[in-house]
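Some notes on the structure that comes next.
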Amino acid sequence: MPTVEELYRNYGILADATEQVGQHKDAYQVILDGVKGGTKEKRLAAQFIPKFFKHFPELADSAINAQLDLCEDEDVSIRRQAIKELPQFATGENLPRVADILTQLLQTDDSAEFNLVNNALLSIFKMDAKGTLGGLFSQILQGEDIVRERAIKFLSTKLKTLPDEVLTKEVEELILTESKKVLEDVTGEEFVLFMKILSGLKSLQTVSGRQQLVELVAEQADLEQTFNPSDPDCVDRLLQCTRQAVPLFSKNVHSTRFVTYFCEQVLPNLGTLTTPVEGLDIQLEVLKLLAEMSSFCGDMEKLETNLRKLFDKLLEYMPLPPEEAENGENAGNEEPKLQFSYVECLLYSFHQLGRKLPDFLTAKLNAEKLKDFKIRLQYFARGLQVYIRQLRLALQGKTGEALKTEESTVTLSWKPVQKVEIGMFLNCSSSYCYRQKRASEDTTSGSPPKKSSAGPKRDARQIYNPPSGKYSSNLGNFNYEQRGAFRGSRGGRGWGTRGNRSRGRLY
């Protein structure tokens with residue numbers, strides 16, 4: 001076991017040898033043996049081994065293993081020094097191995113070490129992106145759960161920081177290919193992270209690229225299978241996947257498969273859905289997603305059948321006026337409950353799909369259906385006026401700071417506006433009004449805060465204009481603006497049960 005003096009002496013031999021350094025194999029071996037010494041010897045070995053590594057290819061395995069021993073040393077300062085020098089070993093065929101090693105080191109709980117590992121990975125990424133990705137995906141597919149988790153997060157946060165000359169088209173194709181392998185067996189949180197990774201790739205920003213992503217999401221959503229409303233994992237999978245698909249839809253990338261599935265499989269079971277999250281209004285959440293997708297629905301095979309299902313569901317939330325008794329009072333003891341948010345989503349979806357079949361309500365054989373619908377609309381509009389008057393009374397006398405409080409801020413739309421004017425928006429359920437946090441969180445549904453979608457702007461969504469007339473003239477001017485999707489993931493609840501992976505050191 002060499003001493004500090006011996007290490008310095010052999011270092012001097014190698015440093016003075018210049019072009020003939022490769023002839024002093026014995027001197028380099030002494031430095032390799034320094035990893036067996038004390039703290040001072042190890043610290044010197046951590047610096048000397050990588051410095052002359054490239055001159056001794058026949059000792060490459062021994063040198064890398066010696067450095068790895070230092071990366072696992074009990075002394076944190078030695079570990080940090082050894083990790084910092086690891087990129088110097090990333091040459092030629094050794095680079096994927098070094099990338100694999102660094103990926104495993106992401107499991108460290110020491111913040112300084114963790115930052116060093118991140119920096120080292122970024123450093124070798126710029127040397128050889130494909131080789132580095134090989135090491136990362138090797139651990140994502142086969143490594144321990146903590147390593148897999150942190151490797152995925154590394155990709156989701158660091159890829160976007162790399163320059164274009166590193167993330168070439170070939171590199172992005174490799175990321176897509178390897179990601180498809182991982183997506184065969186992922187948890188819900190992992191799926192969201194991979195969609196973030198893939199949607200950030202420049203090669204997938206095109207129409208064909210977005211179509212590829214939609215197909216990936218559709219495959220993950222398992223739209224070919226029968227929907228099970230009583231299975232919370234099945235419901236969760238559909239919600240998570242649909243949230244990821246919504247921002248990808250446009251006039252050129254259609255939502256037809258998802259809208260068809262919602263109409264055929266989900267709407268008929270809306271009342272029996274099992275919520276995957278306590279406090280979430282699962283029915284409203286589903287209707288929000290359907291409304292967002294409906295604008296970009298293409299040609300649908302069973303349009304009339306699905307439109308009828310949508311219309312029938314809309315009628316369930318639009319009651320007929322109560323029958324009046326002889327004295328002019330309501331015959332029933334209770335007023336019908338008006339679900340404004342539900343109706344808004346359903347009415348918007350019906351409007352979008354109904355444009356593809358204009359005579360759905362206007363055909364002669366549907367005259368009675370249209371008459372019935374008008375009665376329901378008029379009754380609903382009268383109910384809306386009542387809530388507006390109640391709101392105005394509640395806001396009377398409030399000025400300045402009082403109007404900025406959460407209690408004084410209300411919204412109606414499932415497509416929240418950026419600027420909310422007091423008294424313009426309502427969100428009512430049953431026979432009373434309840435309030436929402438403006439433009440960020442729907443407290444009635446318990447849905448997670450809405451995050452603004454990143455990336456380039458998509459095709460502008462078509463705006464739905466509320467009807468005008470006797471019962472709509474006092475509603476004010478609605479200003480629906482383009483918004484992001486209902487995105488986000490709770491995490492922790494997956495729909496995949498990943499198979500057993502090998503454990504232990506994989507160096």
Side-chain angles (χ1 to χ4, degrees), residues 1-18 20-125 127 132 135 139 143-144 146-147 150-151 154 503-507:
M1 178 182 330
T3 62
V4 171
E5 289 75 16
E6 290 174 321
L7 288 173
Y8 272 118
R9 183 170 63 253
N10 284 278
Y11 173 83
I13 293 173
L14 295 174
D16 295 338
T18 59
Q20 284 75 42
V21 62
Q23 299 175 9
H24 299 278
K25 183 178 177 180
D26 292 341
Y28 190 60
Q29 184 62 57
V30 172
I31 291 176
L32 293 180
D33 293 337
V35 301
K36 302 173 184 177
T39 301
K40 293 180 179 179
E41 288 79 10
K42 290 179 180 178
R43 193 170 291 132
L44 287 175
Q47 300 174 58
F48 295 167
I49 292 174
K51 187 173 181 63
F52 301 103
F53 170 75
K54 63 182 180 181
H55 300 291
F56 300 96
E58 67 278 15
L59 293 176
D61 285 342
S62 298
I64 292 175
N65 287 330
Q67 195 76 4
L68 291 180
D69 288 338
L70 297 175
C71 289
E72 296 179 336
D73 197 82
E74 294 180 357
D75 190 313
V76 65
S77 63
I78 293 175
R79 293 201 306 270
R80 292 175 183 174
Q81 181 65 44
I83 292 170
K84 183 180 178 182
E85 304 294 343
L86 271 179
Q88 295 192 52
F89 294 87
T91 57
E93 61 183 16
N94 293 316
L95 190 141
R97 183 183 177 189
V98 174
D100 189 284
I101 294 166
L102 285 169
T103 304
Q104 293 183 64
L105 291 173
L106 285 170
Q107 64 187 296
T108 179
D109 292 325
D110 183 276
S111 59
E113 280 183 50
F114 185 77
N115 290 334
L116 284 171
V117 174
N118 273 268
N119 291 336
L121 274 171
L122 285 174
S123 176
I124 66 171
F125 222 118
M127 299 179 195
T132 306
Q139 286 301 313
E144 303 234 9
I146 182 65
V147 175
R150 294 188 179 180
F154 173 85
R503 294 292 183 262
R505 180 169 172 173
L506 301 175
Y507 298 144

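Hydrogens, waters and symmetry mates are skipped; everything else that's a heavy atom, side chains included, is used.
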How many angstroms lie between atom CD1 of I78 and atom SG of C71, to the nearest 0.5 angstrom?
-> 11.0 Å

From CG (L70) to CG (N65), nearest 0.5 Å | 11.0 Å

Going by the side chain to side chain donor-acceptor pair (under 3.5 Å) test, which pairs reach into residues 30-39, not counting sequence neighbours?
-> Q29-D33

Between the side chain of R79 and the main-chain N/O of D73, is any donor-acceptor distance below 3.5 Å?
-> yes

CZ of F52 to CZ of F48: how many Å apart, nearest 0.5 Å?
-> 8.0 Å

Show your working on salt bridge (charged side-chain N to carboxylate O under 4.0 Å, His left out) between K42 and D69 and close with a plain yes or no.
-> CA-CA 10 Å; K42 290 179 180 178; D69 288 338; over 6 Å; no

Can you find a heavy atom in the side chain of V4 that is under 4.5 Å from one in the side chain of R9?
-> no

Could you tell me whether the side chain of Q107 and the main chain of Q104 form a donor-acceptor pair under 3.5 Å?
-> yes

Which atom pairs, one a donor and one an acceptor, fall under 3.5 Å between side chains of residues 116-123 and the rest of the protein, sequence neighbours left out?
residue: N118; atom: ND2; partner: F114; partner atom: O; Å: 2.8
residue: N119; atom: ND2; partner: N115; partner atom: O; Å: 3.2

Taking all heavy atoms of K84 and all of P87, pick out the closest pair and write down the distance.
-> O-CD, 3.4 Å

Min side-chain heavy-atom separation L105-L86 under 4.5 Å = yes

Is a side-chain donor or acceptor of R150 paired with a backbone partner of L106 at a separation under 3.5 angstrom?
-> yes

Can you tell me how far NE2 of H24 sits from NE2 of H55, rounded to the nearest 0.5 angstrom?
-> 11.5 Å

Do L44 and I31 have side chains that get closer than 4.5 Å, going by heavy atoms?
-> no

E93: what forms a side chain to side chain contact (heavy atoms under 4.5 Å, CB included) with it, not counting sequence neighbours?
-> none

What distance separates I49 CD1 from L7 CG, expressed to the nearest 0.5 Å?
-> 9.0 Å

Just wondering, more than 12 heavy atoms not from Q20 lying within 6.0 Å of its CD?
-> yes

Check the pair V76, E113 against side chain to side chain contact (heavy atoms under 4.5 Å, CB included), reporting the backbone distance first and the verdict last.
-> CA-CA 8 Å; V76 65; E113 280 183 50; 3.6 Å; yes

Can you check whether I124's main-chain N or O pairs, donor with acceptor, with T132's side chain at less than 3.5 Å?
-> yes

Is there a donor-acceptor pair closer than 3.5 Å between any side-chain N or O of E85 and the backbone N or O of Q81?
-> no

Between N10 and E6, is there a donor-acceptor pair closer than 3.5 Å when you use the side chain of the first and the backbone of the second?
-> yes

Charged N to carboxylate O under 4.0 angstrom, D75 versus K40?
-> no

Supply the atom-to-atom distance Q88 CD to Q67 CD, rounded to the nearest 0.5 angstrom.
-> 8.5 Å

So, do L68 and F89 sit near enough that their side-chain heavy atoms are less than 4.5 Å apart?
-> no

So, do Y11 and K51 sit near enough that their side-chain heavy atoms are less than 4.5 Å apart?
-> yes

Please name the pair of heavy atoms, one in A27 and one in I13, separated by the smallest distance, quoted to 0.1 Å.
-> CB-CG2, 4.3 Å

Check: Y28 ring centre within less than 6.0 Å of F53 ring centre = no

